[in-house]
Amino acid sequence: MSAISASEKVDGFTRKSVRKAQRQRRSQGSSQYRTQSAPVELSPLPQLKDAPSTEQQELFTQKLQQCCILFDFFDSVLDLKSKEIKRATLNELVEYVSTNRGVLQESTYPEITNMIITNIFRALPPSDNPDFDPEEDEPTLEAAWPHIQLVYEFLLRFLENPDFQPSIAKRYIDQKFVLQLLELFDSEDPRERDFLKTILHRIYGKFLGLRAFIRKQINNIFLRFIYETEHFNGVAELLEILGSIINGFALPLKAEHKQFLMKVLIPLHTAKGLALFHAQLAYCVVQFLEKDPTLTEPVIRGLLKFWPKTCSQKEVMYLGEIEEILDVIEPTQFKKIQEPLFRQISKCVANPHFQVAERALYFWNNEYILSLIEENIDKVLPTMFGSLYRISKEHWNPTIVALVYNVLKTLMEMNCTLFDELTSSYKADRQREKKKEQERDELWKKLDELKLSNTTLVQNNSHGLQNNNNNNNNNSNNNIGNQDDGTDTASVAATTSDDNNPTGK
Amino acid sequence: MAGADGDDSLYPIAVLIDELRNEDVQLRLNSIKKLSTIALALGVERTRTELLPFLTDTIYDEDEVLLALAEQLGNFTMLVGGPEYVHCLLPPLESLATVEETVVRDKAVESLRKISQEHSPVDLEVHFEPLVKRLASGDWFTSRTSACGLFSVCYPRVSSTVKAEIRQHFRTLCSDDTPMVRRAAASKLGEFAKVLELDYVKSDIISLFTALASDEQDSVRLLAVEACVSIATLLPQEDLETLVMPTLRQAAEDKSWRVRYMVADKFSELQKAVGPEITKNDLVPAFQNLLKDCEAEVRAAAANKVKEFCENLPEDNREQIIMTHILPCVKELVSDTNQHVKSALASVIMGLSTILGKDNTIEHLLPLFLAQLKDECPEVRLNIISNLDCVNEVIGIRQLSQSLLPAIVELAEDAKWRVRLAIIEYMPLLAGQLGVEFFDEKLNTLCMAWLIDHVYAIREAATCNLMKLVEKFGAEWAQNTIVPKVLGMANDPNYLHRMTTLFCINALSEACGQEITTKQMLPVVLKMSNDQVANVRFNVAKSLQKIGPVLDNNALQTEVKPVLEKLASDQDMDVKYFAQEAISVLPLA
């Protein structure tokens, strides 16, 4: 926060580059240093490798305890000597657990986890920049990284040690541990998130008892991200882990997993910062569809529901994801979804933003999609024709017009007769639409008049009883109806006959 | 329902429903926004029997449509036949309350809360309360979240058995599996506590409050702080120490800065809720800690509360507490490393002078004001200047004026135009407090310099500032000090400056009165009608229109009219246009 000067806040028009330059001054944050009172001076312990093997474990424990002392990294000159001692010790510990066998005795587990917990679990500091844009801005780096990095490294080596026993460790690496680990994924420091990703993956692999819990908590993080805060730095990393988790799901998929897909992954597409994790998200979605193709229809309907209305950049991402889905779609599934899908695609093709239009038109370069279209040309062509025909005459961008011509040509070759029919009925269709539009307008005009006369009536009667008012309302309905029934009924009737599917669904 | 058949033939529901189902979202949205019109057309009975079932079944739609629907249904009571039938609205709203999108859900809950008041006590138990129970035990978190907002509206109006059930449901939701629901419950805890009987507040609410305040998620804990205010207000003083304070102390030292921030942010409310004794013993040290917190966010939130906190301290030893406990922390904050902290402090620190009185202000606060007036961050200086009135009352502004001047001058010349704009806006206030002599001597030049600023917004604000100054100091002062300078600019080689003369005249003529306007300003305006820049000429026409009402008829006929007629035949289109407009508006005929 402190990096933006107040005068900048007063002047709303600073360039990002200026702000960035200013932020360079302090791009480190940490709220680790808080509860410690007077700093403790560390004195170096003997090297582990020099100690006799009988004393090694004792020394190992001492060193673990020594590393529980935390230092203030904001003040870069404070406790330099002690900081260096801790760094060297941590390095030695990493070395020790990764190269030696038999060092993980049961009694050391609590010491190890305690050291890890003390060092890495902390309340993340407030973001330096309240409107941090991960795509544009430099992240705030963790100031205590020289130590924290080594602790992460140590945790990873600990988990990967061949002697590591989940049955003992699960007493310490429990739900609470995992919960705090997951909170850290919000760290702005990408180096930290990268470590966390690998570590969580290992934990998920080794602790069967924690798997459901981890999935549920990730669920909660995503739901909070989507519906409450719209802010969480580690979405991409968590999705990456999920990608490989989904890969391992057994068939048939459990209801829990399907719910995760429909109620969490699909709504994740609505996030403002979609660009940051779209690749990972699309991968997860496609993984699901490869597992269970019957999910295709609900997934595509979900995407259509959340289709971006104003953000062209996101629309291009959605189109990319649709293409990925179409690459693996089964022809039977395609038939189920083709009409709504191509209605959307036809809108995209007609998008005034040429990148959106272009991305949609590229579908016609995809052999597999072409074959699906050809198979269902009688459905796809009528859906697409209007837009394509209009765009071929109206789009401002010559590249798009050229692409549209090619697409029209391809479609024509697929079914020449249908194409000719559509061309000749194009005008008539447009006119029918226009007429329908007019009728709607008239209908609403009548309805509005009705409302107007009702409100005046209510106002006139305002001292009367509520119930009386009601009756008057009803009466006035009739009056209006009787007054100008002739024309009115006719037009309404026309609308109904045009589209004859009343109430039912 | 006489005449329902007539409706039938005229507005078949199918047509209306087609409108609600249109393929184009925008059209669907338009139709749903006019849902009341549709209901009116159908009449109350068919709204109940046909429209509402349809709406209940089509809940799968775009969130925007659903939002509009949720809002409409809150005002539908009369359209379904009045309070007697209001429960017909519950099914669609129930579905909407389970939707994922938060805004839709919140709106549905809002509408449900609204129509709950229109239910008779019997209907509330027969229809509304079962709905709340269904939501509270729903599978997906969304329905449980929505339920949290509905308990408090039905609790006061149901029988004691049902009340017990409601309390039980609320308790369950407070320990829900998902943090989303716990957050919703925590945010409604205070509201729910208010409708509960005191015994239940003590037996039920306190344990829930304590549990939520030590939740594993900080996002839940911080909401408990908010609830703390309402709960503390409800409890008798003697129970606060045992029931509330342990939790509050813990929150003030929470390891998450978000929770501490919340405590700082709600500090004044908390202070009022717990009363003077606890404030003295507990809140003062807690406040000191927050002012010294390691996170700038927390310090800034606490700094914002300094004045209010001090004001609300018990009067008997207020001064002593401030001097020994609060002021030392405040002194440190003046040189804080974070400018948000400093500017938060600067926006309230002046308020302390009224509390501490003249002598303390001069001895202890004045050095702090002066230090902040010299702060490197313009926002800090601005905040001090904008609150000068508080000090003025206590020690008079003279004490400050020596330091004030350099600060003002520096801000007046700041590179950021928004800073310059901000200081201009304080000029009339400053002028009032510093008096006309000081102003003429020190600030007048600044005010004139802004007239030739290269940013239009500044020139505009400077013009407006002059008007306010004239209103303050009078026409005579204007005639002697500013009018000559303004009029002098009419001969400036830069046409933008010449136009500024016109803008100033527009602003000043009324305040200066007929004589100055006619004798001094009008000749200059008229002369400028020969300017070679068309923009100046059409602004002459505009100015004449503007000052016309101040002039007497003679001047209008003999001087203004010929010039406007000349301009009306100008070769420039815009000049012609504005001249003609002026002619038609002014009484020239």
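Chain naming here is simple, since letters A, B, ... match the order of the sequence lines and numbering starts at 1 in each. Computed over heavy atoms, backbone and side chain alike; hydrogens, waters and symmetry mates excluded.
The part of A:Lys216 that comes within reach of chain B is its side chain, from C-beta onward, which places non-hydrogen atoms under 4.5 angstrom from that chain. Using a 4.5 Å cut-off between heavy atoms, B:Leu79 does not touch chain A at all. With a threshold of 4.5 angstrom between heavy atoms, B:Ser31 approaches chain A through its backbone and through its side chain. For chain A, the nearby part of B:Phe141 is the side chain; its heavy atoms alone come within less than 4.5 Å.
Side chains of A:Thr383 and A:Arg343: no donor on one and acceptor on the other come within 3.5 Å. For the residue pair B:Asp254 and B:Ser256, no side-chain donor N or O sits within less than 3.5 Å of a side-chain acceptor on the partner.
Take B:Glu100 and apply the side chain to side chain donor-acceptor pair (under 3.5 Å) test, not counting sequence neighbours, and it matches A:Lys263, B:Trp140. Under the ring pair (Phe, Tyr, Trp, His ring centres under 6.0 Å) criterion, A:Phe225 pairs with A:Phe277, sequence neighbours left out.
Two rings, from A:Phe177 and A:Phe121, have their centers less than 6.0 Å apart.
Taking A:Asn219, A:Leu223, A:Leu179 one by one and counting their heavy-atom pairs under 4.5 Å with chain B, the maximum is reached by A:Leu223. Top candidate by heavy-atom pairs under 4.5 Å with chain B, chosen from A:Glu183, A:Lys176, A:Glu228, is A:Glu228. Ranked by non-hydrogen atom pairs under 4.5 Å with chain A, the options B:Gln217, B:Glu376, B:Arg258 are led by B:Gln217.
By the neighbour-count criterion of 12 heavy atoms within 6.0 Å, atom CG of B:Asp139 is sparsely surrounded, having that number or fewer from other residues, nucleotides or ligands.
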